[in-house]
Enquirer: 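Take this structure, written in structure tokens, and hold onto it; I'll ask about it next.
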Amino acid sequence: MRILAEFGSSAAIGPLHCGATLNDIAATLGPPWDIGRVSKRRRWPHLFSYGDAELCVCRCRRVTMISVQTWRDTIELPVPGTGTLTAFAGPLTHAQVTAELNTMGCRFSPVTVHQPPGQLALQVEATGVTFTFAEAGSRPLLDSASHWISTHECTPPATDAPDDGFGA
């Protein structure tokens with residue numbers, strides 16, 4: 001839970017953060033798992049992951065979104081500073097998440113716009129990280145934690161650049 005609370009307070013999990021380049025992340029954590037294309041028509045943007053931390057990456061190789069899937073019984077996340085994945089017990093309850101965010105001093109507020117029935121979300125005010133919960137009986141369970149950027153300076157790799165292994 002501490003890693004997710006730190007994600008809420010910093011919008012980063014070690015080297016994983018919006019705006020980071022995939023090549024810099026891979027230099028620290030090793031190659032990511034290739035999840036696949038966002039669109040059937042284009043290679044980019046493309047999805048990669050490190051355990052349950054999914055990254056949406058632009059053709060310029062910059063991370064534009066991080067989504068941590070937390071609905072599973074076991075959550076695997078990179079441990080900052082180690083370059084390894086560690087498993088954590090999931091799913092987490094709304095009470096556990098809000099208690100840990102409060103311990104970290106993260107101010108958050110409910111997201112009320114565009115919430116489908118059976119879902120509630122909290123957004124950390126300082127970072128914009130959103131924690132989304134699915135109602136499961138009397139205790140909402142954490143479904144995901146995410147952060148994204150809507151714009152960035154996009155400079156695609158030069159056509160004569162060496163192959164970085166992530167595709168053209």
Enquirer: Closest heavy-atom contact between Cys56 and Val38?
Expert: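 Looking at all heavy atoms of both residues, the shortest contact is SG-CG2, 4.1 Å.
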Enquirer: Going through the checks in order, is the side-chain contact (heavy atoms from CB on, under 4.5 Å) test met by Trp44 and Arg61?
Expert: CA-CA 9 Å; Trp44 302 98; Arg61 308 307 195 262; 3.3 Å; yes
Enquirer: Any sub-3.5 Å donor-acceptor pair from Tyr50's side-chain atoms to Glu76's backbone N or O?
Expert: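 No; zero donor-acceptor contacts below 3.5 Å.
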Enquirer: Keeping the roles fixed (side chain from Arg42, backbone from Lys40), state whether a donor-acceptor pair exists under 3.5 Å.
Expert: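 Not at all, since once roles are kept as given, no pair shorter than 3.5 Å links the two residues.
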Enquirer: Is there a donor-acceptor pair closer than 3.5 Å between any side-chain N or O of Thr64 and the backbone N or O of Val57?
Expert: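 No, the answer is negative, given that no donor and acceptor are paired below the 3.5 Å cut-off.
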Enquirer: Ignoring hydrogens, what is the shortest heavy-atom contact between Pro15 and Ala20? Give both atom names and the distance.
Expert: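 Heavy atoms of Pro15 and Ala20 come nearest at O-CB, 3.7 Å.
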Enquirer: Mind checking whether Trp33 and Ser49 have side chains closer than 4.5 Å, heavy atoms only?
Expert: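 Contact flag for Trp33/Ser49 side chains = yes.
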Enquirer: Could you tell me whether the side chain of Leu55 reaches within less than 4.5 Å of the side chain of Ile25, counting heavy atoms only?
Expert: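 Yes. Closest side-chain heavy atoms under 4.5 Å.
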Enquirer: Nearest heavy-atom pair of Pro78 and Leu29: which atoms, and what distance?
Expert: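 That closest heavy-atom pairing would be CB-CD1, 4.1 Å.
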Enquirer: To check you understand the geometry: which heavy-atom pair defines the closest contact between Leu120 and Pro140, and what is its length?
Expert: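 Taking every non-hydrogen atom into account, CD2-CG, 4.0 Å.
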Enquirer: Looking at OG1 of Thr28 and CG of Asn23, how far apart are the two atoms once the value is rounded to the nearest 0.5 Å?
Expert: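 It is 11.0 Å, given to the nearest 0.5 Å.
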Enquirer: Hey, what do you get for CE (Met104) to SG (Cys106), rounding to the nearest 0.5 Å?
Expert: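 Nearest 0.5 Å value for the CE-SG distance: 5.5 Å.
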Enquirer: Minimum heavy-atom separation for Ile149 to Gly19, with atom names?
Expert: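 Of all heavy-atom pairs spanning Ile149 and Gly19, the closest is CD1-N, 4.2 Å.
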Enquirer: Under the side-chain contact (heavy atoms from CB on, under 4.5 Å) criterion, do Phe133 and Leu122 qualify, and how do the steps go?
Expert: CA-CA 8 Å; Phe133 300 83; Leu122 302 173; 3.9 Å; yes
Enquirer: Determine whether Leu142 and Pro91 make a side-chain contact, defined as any pair of heavy atoms from C-beta on separated by less than 4.5 Å.
Expert: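 No, every pair of side-chain atoms sits at 4.5 Å or beyond.
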Enquirer: Given 3.5 Å as the limit, does a donor-acceptor pair link the side chain of Gln123 with the main chain of Gly128, or not?
Expert: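 Indeed, once roles are kept as given, a pair shorter than 3.5 Å links the two residues.
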Enquirer: Set out, in order, the CA-CA distance, both residues' side-chain angles and the distance that settles side-chain contact (heavy atoms from CB on, under 4.5 Å) for Arg62 and Cys154, then state yes or no.
Expert: CA-CA 8 Å; Arg62 293 217 177 265; Cys154 184; over 6 Å; no
Enquirer: Using the side-chain hydrogen bond (donor to acceptor under 3.5 Å, both in side chains) rule, take Ser67 and Gln69 through it: C-alpha gap first, then chi angles, then the decisive distance, then the call.
Expert: CA-CA 6 Å; Ser67 180; Gln69 304 305 310; 2.9 Å; yes
Enquirer: Test your reading of the model: is there a side-chain donor-acceptor pair from Thr127 to the backbone of Ser9, 3.5 Å cut-off?
Expert: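 Checked: no pair found.
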Enquirer: Establish whether Leu92 and Leu141 are linked, either directly or via other cluster members, by ILVMFWY side-chain heavy-atom contacts under 4.5 Å.
Expert: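 No, because Leu92 and Leu141 fall into different hydrophobic clusters, even though each may have its own neighbours under 4.5 Å.
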Enquirer: Using the rule that Ile, Leu, Val, Met, Phe, Trp and Tyr join whenever any side-chain heavy atoms are under 4.5 Å apart, tell me whether Phe88 and Leu101 fall into a single cluster.
Expert: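 Hydrophobic grouping puts Phe88 with Leu101.
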Enquirer: Taking it one step at a time, do His152 and Cys60 satisfy side-chain contact (heavy atoms from CB on, under 4.5 Å)?
Expert: CA-CA 10 Å; His152 70 283; Cys60 68; 3.3 Å; yes
Enquirer: Answer yes or no: is there a side-chain heavy-atom contact under 4.5 Å between Leu4 and Leu77?
Expert: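 Yes; the side chains approach each other to less than 4.5 Å.
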Enquirer: If you round to the nearest 0.5 Å, how far is SG of Cys58 from CD of Glu153?
Expert: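 The distance works out to 11.0 Å.
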Enquirer: Contact between Phe131 and His94 at the side-chain level, heavy atoms closer than 4.5 Å - yes or no?
Expert: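 Not in contact.
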Enquirer: For atom CZ of Arg139, decide whether the heavy atoms of other residues, nucleotides or ligands shown that lie under 6.0 angstrom number more than 12.
Expert: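 It does not: Arg139 CZ has 12 such atoms or fewer within range.
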Enquirer: Would you say the side chain of Ile13 lies within less than 4.5 Å of the side chain of Ile3, judging by non-hydrogen atoms?
Expert: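 In contact.
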Enquirer: For a quick check under 3.5 Å, do Glu100 and Thr103 share a side-chain donor-acceptor pair by atom type?
Expert: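 No, no side-chain donor-acceptor pair sits under 3.5 Å.
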Enquirer: Hey, does Phe48 have a side-chain heavy atom less than 4.5 Å from the side chain of Asp34?
Expert: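 Yes. Closest side-chain heavy atoms under 4.5 Å.
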Enquirer: Should Val124 and His147 count as side-chain neighbours, where that means a heavy-atom distance under 4.5 Å?
Expert: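 A side-chain contact is absent here, since even the closest heavy-atom pair is not under 4.5 Å.
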Enquirer: How close do Asp52 and Arg72 get, heavy atom to heavy atom, and via which atoms?
Expert: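 Result for this residue pair: OD1-NH1, 2.8 Å.
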